[in-house]
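Notes to accompany the following structure.
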Amino acid sequence: MPSNDVRILAQAAVPTAAVGAIAAVVSGVVAGGKGAIGALVATAIVILFMGIGLYVLQRTAKSLPHLFQAMGLMLYAAQILLLFIFVAAFKNTTLFHPKAFALTLVVGTLTWIAAQTRAHMKSKILYVEPDSGNKSEKSGHSS
């Protein structure tokens with residue numbers, strides 16, 4: 001991953017992890033140890049899913065730029081669907097508190113999206129790749 005992609009990943013993952021830690025503390029106080037575990041599992045799932053999605057989207061942008069927008073929409077729809085599947089699958093679990101899990105999953109996802117949006121808006125991404133050589137040398141003309 002180029003350094004700009006890693007920076008965007010970090011700028012989205014760090015706030016999400018911080019919100020997840022806060023959710024784990026609050027869930028631990030409200031629902032006990034199982035609440036804290038549910039919040040931590042949800043935070044890990046959000047960071048994993050959204051991080052993989054960001055990686056796939058960046059690779060698509062570089063290799064197939066004409067599919068970038070469609071891929072982004074499809075990817076976010078698939079991520080949200082997978083997150084809903086996780087909520088449904090663990091609805092009646094006894095491994096952790098399901099409500100703490102579901103709430104942290106939603107809050108973590110919204111945090112990731114907001115942080116990623118902010119990171120993209122603040123990043124200085126070149127729209128056109130600058131040429132490394134002199135234009136006159138490439139075209140065969142001399143000045």
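These values consider heavy atoms only, across backbone and side chains, with no hydrogens, waters or symmetry-generated copies.
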Run the side-chain donor-acceptor check on residues 73-91: report pairs under 3.5 Å with partners two or more places apart or on a different chain.
| residue | atom | partner | partner atom | Å |
| --- | --- | --- | --- | --- |
| Y76 | OH | Q116 | OE1 | 3.1 |
| Y76 | OH | Q116 | NE2 | 3.2 |
| Q79 | NE2 | F49 | O | 3.0 |

Legend entry - From T104 atom OG1 to I22 atom CD1, the distance as rounded to the nearest 0.5 Å: 11.0 Å
[X], [Y]: one ILVMFWY side-chain cluster at the under-4.5 Å cut-off?
| X | Y | value |
| --- | --- | --- |
| L95 | F101 | yes |
| I113 | L9 | yes |
| V107 | L40 | no |
| V46 | L103 | no |
| V41 | M50 | yes |

Less than 4.5 Å apart, side chain to side chain, heavy atoms only: is that true for [X] and [Y]?
| X | Y | value |
| --- | --- | --- |
| M71 | V56 | yes |
| I8 | L54 | yes |
| T93 | F96 | yes |

Inset, instruction - Give the minimum heavy-atom separation between A10 and P15, together with the two atoms involved. - result: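 So the minimum-distance heavy-atom pair works out to O-CD, 4.0 Å.
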Inset, instruction - Grab the two heavy atoms, one from S27 and one from A100, that are nearest each other, plus how far apart they are. - result: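 Nearest pair, atom of S27 first, then A100: OG-CB, 3.5 Å.
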Legend entry - For L48, side chain to side chain contact (heavy atoms under 4.5 Å, CB included) partners two or more places apart: I52
